[in-house]
Amino acid sequence: MSIRISPAKGDNLFSNYGLLVLVGFAAVAAVVWGPHSFPDALRIPVGNAFEVGFSSFAETAPWAYEPFAAFLEQTFEGLLTTLSSISPVILSSAVVLAVAHFRGVKLAGLTVLLFAWVVLSGFWDYTVETIAFMLVAVAAAFVLGILVGLIGSFGPRINAVVRLLLDAMQAFPAFAYLVPVVFLFGMGNAAALVVTVIWALPPLARMTSVGLRNVSPEVVEAATSLGTSRSQLLFGVKLPMAEPSIRAGSNQMIMYAIAMATMAAMVGAAGLGAPIWSGLNRLAFGDALQAGVALVLVAVIIDRASSPRTVKRSTIIQRDGSLSWRKRLRGLFRAPYGSAQICLALFLLTVFASQVLRGRWQYFSDPPWGVPLRLREPVEAAVFWATTTWGPFLDSLSGLIQTYGLNLLGSFFAATPWVVVVAVTAAIGILTIGKVQGLFLGLGVAFIGCLGMWESTVLTLTVVTVALVLVILIGFPLGVLMAMNDTAAAIIRPVLDVMQTLPIYLLIIPAVMLLGVGEVAAVLATFIAAVPPMIRFTNAGLRGADNEVIEAAQIFGARPGQILRQIRIPMGLQTMMVGLNQALLLALAMAVVSAMIGAPGLGANILTSVNRALLGTGMEAGIAMFLLGVVLDRLFNGCARFVASAQHASMTKVARKPNDETSSVPATRATAPSH
Amino acid sequence: MTKQVLSPQPGRLRLPTEQTRIPGNDPSVAGSTIEVEDLWKIYGPNPTRALQEYRSGASYVPGHMTAVRGVSFQVRPCETFVVMGLSGSGKSTLIRCLTRLIEPTAGRVDIDGNHVLTLSNSQLSEQRRRDWAMVFQHFGLLPHRRVLQNVAYGLEVSGVPRREREERAHRMVELVGLSGTENKYPSELSGGMRQRVGLARALVQNPRLLLLDEPFSALDPLIRADLQDELMRLARGGSQTSVFITHDLTEALKVGDRIAIMRDGVLVQVGTPEEIVLNPADDYVRRFAVEAPRAKVVRAATIAQAVPELSAGLSVDAALTALAQNGGGSALVHPNARAPFVVTAQDLLKLDGSRRTLGSLEFGTATVDGDELLAVVMQKLIDTGRPVLVKAPGGFMGAIDDSLAVRALSVPSSS
């Protein structure tokens with residue numbers, strides 16, 4: 001029953017006035033202060049402070065974090081030893097059978113494909129490492145995420161604090177987490193596990209607390225009116241009712257974890273990330289691709305297996321204790337569960353086979369016929385063919401992007417005095433969001449300069465902007481195509497699904513294969529990472545138009561083109577904006593990762609810091625990236641809302657609430673709309 | 001005091017006559033008595049200060065929302081007390097303040113001699129588990145539990161062993177007519193069935209006080225009528241006091257022994273359905289009252305008009321004279337051997353044999369109890385085509401003819 005105070009009419013006028021003053025001030029200042037780059041005099045040694053702080057922390061309080069890391073690492077080692085000691089034949093068939101039983105034959109088929117691929121590639125050991133790593137990291141992140149979510153549900157004030165913390169955690173670039181973690185834990189699995197847990201925890205925590213707070217108040221009231229105690233309310237009512245939300249959060253958490261686990265190969269994590277990383281380093285795309293395919297399969301399987309959409313109703317039901325264990329066991333072998341019997345038979349068969357075959361199949365890393373699958377040569381041949389056949393085309397394309405995209409924009413940014421950038425940011429912020437927030441955005445931009453990251457940020461921004469222009473130029477027509485043509489939609493949708501399941505780290509492989517190393521390849525990689533939500537949300541926005549309005553237009557004789565232009569696009573604009581916003585956030589995340597293929601800017605700084613353990617620079621670049629992300633996100637949302645409210649104030653059918661907490665977060669993984 | 005003595009039961013028309021017992025109900029447990037005095041609920045940054053300002057005469061305190069302002073009333077044991085008001089009148093807040101689902105700002109709530117507002121949390125829990133139950137507008141069922149477990153939930157919370165609680169829940173489910181749905185989930189049931197579950201969940205507690213917050217508002221009209229009947233059937237067999245919230249006057253008139261009309265946090269009028277409809281306290285209540293189905297509210301005793309009794313030995317002519325002296329109309333004739341009947345001047349004029357005595361005449365006349373509803377009286381008027389006699393203890397209080405019935409039905413223009 002809060003009373004919302006809407007701003008008075010005069011407020012807007014004042015903002016306009018303030019805008020003029022600010023811009024005027026900026027112009028004058030730009031002329032007076034001469035140099036366009038950020039002055040060194042304004043540097044704030046944030047990095048040094050971090051270095052000093054972390055060093056003293058590491059010296060004085062290792063007890064605060066080391067047990068946790070040690071526990072994670074030991075659990076991982078133990079689990080890895082156990083899994084390795086199981087005969088690969090038995091382990092893999094057990095996994096396949098479990099998948100077949102719980103998630104159906106289709107996914108089990110995919111799992112068989114994964115294992116075949118992995119065995120033929122000689123990646124068995126890596127795969128087992130990945131499985132063990134994921135099990136440990138996910139279990140830890142699950143426990144911690146639920147706990148944090150619970151804390152967040154205690155009250156509105158503590159929830160605000162937790163939300164702020166989670167927002168910050170998610171807006172901080174994934175890559176940049178590696179820096180402080182390596183500083184504290186050194187290279188290796190401990191650091192990788194810690195960073196994975198930290199990175200994967202926020203989505204689950206968020207969804208848990210959202211789920212808990214969204215429990216119908218009437219049900220809570222009903223339970224209370226029957227005399228339910230606090231703990232009974234939590235465990236008997238709230239947690240079970242939040243379960244769908246927690247499941248969705250777990251799915252997101254697992255996807256975050258696998259993305260980070262792959263990336264953590266940079267700091268020496270075991271698993272399938274290692275061959276990708278080394279392949280990229282040696283420019284052996286075939287190797288990277290081969291491991292990449294395995295990882296794609298792992299990611300897709302884990303996603304499908306943990307996705308709340310595919311969970312059978314029966315598995316949810318079973319917990320309420322209405323069926324005894326015996327009944328349930330018997331149920332496994334009855335009609336709808338007939339697969340259990342087949343599975344059991346298969347399992348026994350494989351155990352038997354592994355006994356008969358003894359030594360030969362004992363280790364999948366050493367297939368019996370000794371001819372492992374090798375993608376290196378064919379891929380290199382294909383790349384060679386592509387670059388020679390399409391060479392001129394690719395060259396001119398990359399030249400085009402370089403000349404009219406990167407260079408043009410780069411020189412524009414370089415020619416713009418920093419004061420103007422700060423002032424314009426603040427002015428737009430004030431105009432579209434509010435006075436205080438606008439000023440803070442301006443300060444945030446200025447602070448990037450204070451961190452000494454002005455030039456790097458400008459470089460990153462250039463890559464991101466060019467990539468986003470490409471996203472709009474290519475993504476929007478594709479989205480329209482999807483919306484207008486069901487066949488096209490049926491073809492494009494699964495591709496998008498897979499693309500959005502992948503750790504973005506993998507998306508640099510095709511870019512580097514086609515365009516080699518450099519800024520243009522980084523643009524391409526960023527584009528690939530960012531385009532799916534644009535296509536998806538364009539399609540959703542266009543298809544989501546109110547059917548009644550379209551029928552009305554048809555009655556008036558509007559042609560399909562007119563309906564698209566006059567109805568579907570205006571009505572779906574807000575949804576499309578959401579897609580573009582997600583594309584922006586993904587592009588920012590990718591811009592950092594693409595430093596690995598030679599993109600200059602903040603990502604390069606972070607990469608260097610990880611490699612050389614430069615905590616100060618790494619933190620500065622990370623904070624700059626964080627600020628850039630927050631500023632762009634807020635400005636974008638502000639502008640989108642401003643335009644929307646100005647254009648059609650009456651069309652209040654908003655695609656999402658502006659303050660919806662699950663969406664305004666600069667998450668690196670876009671969420672798919674319902675259709 | 002028992003319910004039957006206290007007030008006549010309304011809406012008996014469609015009810016089965018036999019009284020259904022609720023299994024597990026202990027007849028020795030009587031319904032609660034509630035006394036509420038000067039109850040306030042104020043939302044806002046500083047409710048205490050706002051309360052002081054209100055008490056010292058302020059009519060509006062900025063920034064504060066007063067849901068309940070100084071409400072006082074009593075509910076008698078085993079009574080069905082209805083609070084009726086439009087949305088936003090504070091009725092839902094009021095019912096929640098009674099059991100402190102919402103913490104009142106000030107006032108006194110006294111249930112069975114317990115000062116509810118001073119109970120500790122554990123005492124409150126104990127009361128809720130043992131004596132109070134509530135039914136909600138949107139049912140408030142636990143979506144992850146089956147019907148049986150939903151019904152048994154309250155018993156489970158208060159630690160009733162599994163076997164016993166499932167048995168009791170099972171019988172309750174049967175009683176509300178949901179046999180066979182025990183293992184379904186609430187999402188698999190229709191709205192009406194869900195509210196039956198809600199009702200069962202509340203009644204299985206065997207509560208002394210049953211609170212119902214617009215329990216049937218979310219349902220279709222026909223299902224609503226079914227459930228109203230069901231509730232009245234079950235409530236009659238039990239021995240609980242009910243407080244029933246609704247925004248529908250027809251429903252209030254149907255289920256309520258007494259009705260409180262609430263507006264802007266204040267009780268405007270408290271009375272029996274008949275008092276509300278026939279003597280509305282102000283224009284606000286009158287606006288509801290004109291919409292009321294009077295035939296189902298007004299009772300025979302209220303409109304019956306006394307008739308002179310003529311001796312059975314009188315001749316028709318003499319009777320006509322006597323009637324004319326009385327200003328026409330009708331008269332009661334009570335022959336010794338036969339049932340009493342009513343004669344009217346028209347009846348007598350149509351007769352040829354003017355010398356016959358009244359006692360020798362034959363006019364079929366229906367009789368009704370004083371607390372019978374007007375609807376029943378009207379049906380008898382139509383069936384017999386003659387005035388209906390209204391019984392009183394040890395005799396007759398009068399008769400009702402067509403014009404009286406019509407007059408009772410007509411809504412007086414606001415005066």
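Each chain gets a letter, A, B and so on, in the order its sequence line appears, and its residues count up from 1.
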Given that the side chain runs from C-beta out, which part of [X] has a heavy atom under 4.5 Å from chain A: side chain, backbone, both or neither?
X	result
B:Arg96	side chain
B:Leu141	backbone
B:Glu126	neither

Notebook entry, point to check: What's the spacing between A:Glu218 CD and B:Asp213 CG if we round to 0.5 Å?
Noted result: 7.5 Å
Margin query: Just verifying a value: how many Å separate A:Glu221 CD and B:Ser92 OG, rounded to the nearest 0.5 Å?
Written below: 8.5 Å
Notebook entry, point to check: With only heavy atoms counted, which part of A:Ser216 is less than 4.5 Å from chain B, the side chain, the backbone, both or neither?
Noted result: neither
Notebook entry, point to check: Under a 4.5 Å heavy-atom cutoff, which of B:Ala202, B:Gly44, B:Ser158, B:Ser125 has the most pairs with chain A?
Noted result: B:Ser125
Got [X] and [Y] here, is their nearest side-chain heavy-atom distance under 4.5 Å?
X	Y	result
A:Val219	B:Phe136	no
A:Leu226	B:Arg128	no
A:Ser229	B:Arg129	yes

Margin query: Please give me the minimum heavy-atom distance between B:Gly140 and A:Ala222, naming the atom from each residue.
Written below: O-CB, 3.5 Å
Next item on the list: Would you name the heavy atoms of A:Gly236 and B:His144 that are closest together and state the gap between them?
Entry: O-NE2, 2.9 Å
Note to self: Testing B:Val135, B:Leu101, B:Leu211 one by one against A:Ser225 for a side chain to side chain contact (heavy atoms under 4.5 Å, CB included), which residue passes?
What the structure shows: B:Leu101
